Amino acid sequence: MGAIKKMVEKKIPGIHVLSLEIGKTLVEDVENSFFLNVNSQVTTVCQILAKDPKLQQGYNAMGFSQGGQFLLVQAEYWHDPIREDIYRNHSIFLADINQERGVNESYKKNLMALKKFVMVKFLNDSIVDPVDSEWFGFYRSGQAKETIPLQESTLYTQDRLGLKAMDKAGQLVFLALEGDHLQLSEEWFYAHIIPFLE
């Protein structure tokens with residue numbers, strides 16, 4: 001993500017950019033992004049953010065592909081549309097964060113505190129399945145062919161995460177571009193992402 005950091009710093013001189021690493025070395029960071037329990041990763045990230053005095057008055061945050069988690073099909077990020085009961089009962093992270101086992105009001109409150117939640121869908125993504133999940137869409141329950149958009153999901157209609165309220169308030173931004181996973185040009189990034197950081 002060093003290239004993204006450089007692009008942001010180039011367009012917004014003097015900005016404080018903190019590129020998060022969950023490990024003491026590059027190798028440990030990569031290994032942790034694949035194998036460390038996601039809840040442990042979240043705890044570590046929260047600790048890093050809390051210790052940075054430049055972030056105490058608020059900040060803009062960018063995340064790319066769940067920190068690389070989608071490069072492997074892991075139980076922590078796999079939502080099985082065919083066997084929903086197994087997914088809900090055994091998911092370590094995703095079912096909880098998506099409020100599919102119960103509603104954690106702090107998740108909802110924290111997400112709704114965002115001024116803007118910008119989601120980018122790569123229309124020819126060969127890593128994320130289904131591609132519509134980049135905008136919180138997913139397969140219709142019980143099969144793995146037809147997808148439904150966020151707005152037709154229970155997560156949205158019951159407003160479990162506050163996404164419906166955020167959408168109505170203009171806080172959700174849905175961007176799409178041609179290309180494979182994380183393949184975006186500097187020009188596109190400058191035109192579509194940088195304005196949210198300025």
Side-chain angles (χ1 to χ4, degrees), residues 1-80 86-101 104 106-107 110-111 113-114 117-122 124-131 133-136 138 161 175 177 179-186 188-190 193-194 196-197:
M1 292 293 103
I4 298 292
K5 181 179 187 292
K6 288 177 185 171
M7 284 193 286
V8 171
E9 291 170 336
K10 178 180 175 182
K11 285 295 184 181
I12 309 173
I15 190 172
H16 173 63
V17 178
L18 175 64
S19 184
L20 296 169
E21 295 178 2
I22 305 174
K24 295 179 182 122
T25 66
L26 179 59
V27 171
E28 187 177 325
D29 180 55
V30 171
E31 288 174 349
N32 286 343
S33 74
F34 290 119
F35 304 116
L36 184 64
N37 179 285
V38 176
N39 291 306
S40 297
Q41 291 182 49
V42 171
T43 298
T44 300
V45 167
C46 289
Q47 291 168 349
I48 293 168
L49 295 175
K51 288 179 186 174
D52 191 325
K54 293 181 179 178
L55 303 178
Q56 300 309 304
Q57 300 303 311
Y59 53 88
N60 293 309
M62 285 188 279
F64 293 92
S65 188
Q66 303 295 331
Q69 288 286 345
F70 286 116
L71 294 176
L72 295 179
V73 177
Q74 297 186 14
E76 294 172 357
Y77 275 104
W78 176 241
H79 177 169
D80 189 337
I86 293 173
Y87 155 72
R88 278 193 198 89
N89 293 325
H90 299 288
S91 169
I92 296 169
F93 178 74
L94 197 59
D96 285 332
I97 202 72
N98 281 339
Q99 311 277 49
E100 295 181 273
R101 286 197 273 242
N104 180 327
S106 68
Y107 293 168
N110 291 340
L111 189 61
L114 296 174
F117 181 13
V118 181
M119 294 167 275
V120 178
K121 183 195 299 189
F122 296 87
N124 307 106
D125 202 315
S126 62
I127 303 292
V128 177
D129 181 39
V131 171
S133 66
E134 294 173 1
W135 284 354
F136 276 90
F138 198 63
L161 268 176
L175 301 178
L177 74 153
D180 200 355
H181 191 68
L182 297 180
Q183 301 303 304
L184 51 94
S185 68
E186 281 187 40
W188 189 93
F189 185 81
Y190 292 151
I193 301 299
I194 291 292
F196 292 105
L197 303 176

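Just so you know, these numbers use all the heavy atoms, side chains as well, and skip hydrogens, waters and symmetry mates. Predicted model only: the values in this text are computed from it and were never measured.
Side-chain atoms of Asp125 do not come within 3.5 Å of backbone N or O of Val131 as any donor-acceptor pair. Side chain of Gln41 to backbone of Ile22: no donor-acceptor contact under 3.5 angstrom is found. A donor-acceptor pair is defined here as one N or O able to donate and one able to accept, closer than 3.5 Å; no such pair exists between the side chain of Glu100 and the backbone of Asp96. No donor-acceptor pair under 3.5 Å is formed between the side chain of Trp188 and the backbone N or O of Ile193. Side-chain atoms of Arg101 come within 3.5 Å of backbone atoms of Arg88 as a donor-acceptor pair (strictly under, hydrogens ignored).
Taking Glu21 as the reference, nothing meets the side-chain hydrogen bond (donor to acceptor under 3.5 Å, both in side chains) condition, with sequence neighbours excluded. Not a single salt bridge (Lys or Arg N to Asp or Glu O under 4.0 Å) links Asp29 to another residue, sequence neighbours left out.
Taken to the nearest 0.5 Å, the CG atom of Leu49 stands 9.5 Å off from the CD atom of Gln56. Interatomic distance, CD1 of Ile4 versus CG of Leu182, reported as 8.0 Å (0.5 Å rounding). To the nearest 0.5 angstrom, Ser185 atom OG is 8.0 Å from Leu177 atom CG. Here the CE-CG distance, from Met119 to Leu175, works out to 9.0 Å after rounding to the nearest 0.5 Å.
Proximity of Asn98 to Tyr107: side-chain heavy atoms (C-beta onward) are nowhere separated by under 4.5 Å. Side-chain contact between Gln99 and Asn104 is present, with at least one heavy-atom pair separated by less than 4.5 Å.
Ring orientation note: the planes of Phe122 and His181 are tilted relative to one another, at an angle of 30° to 60°.
With respect to Ile48, the side chain to side chain contact (heavy atoms under 4.5 Å, CB included) criterion is satisfied by exactly one of Leu55, Leu18, Thr43: Leu18.
Across every non-hydrogen atom of Ser133 and Val128, the tightest pair is OG-CG1, 3.3 Å.
Applying the salt bridge (Lys or Arg N to Asp or Glu O under 4.0 Å) test to every pair with at least one member in residues 9-18, sequence neighbours left out, gives these pairs: Lys5-Glu9.
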One pair to check against side chain to side chain contact (heavy atoms under 4.5 Å, CB included): Val17 and Ile12. What are the steps and the verdict? CA-CA 10 Å; Val17 178; Ile12 309 173; over 6 Å; no
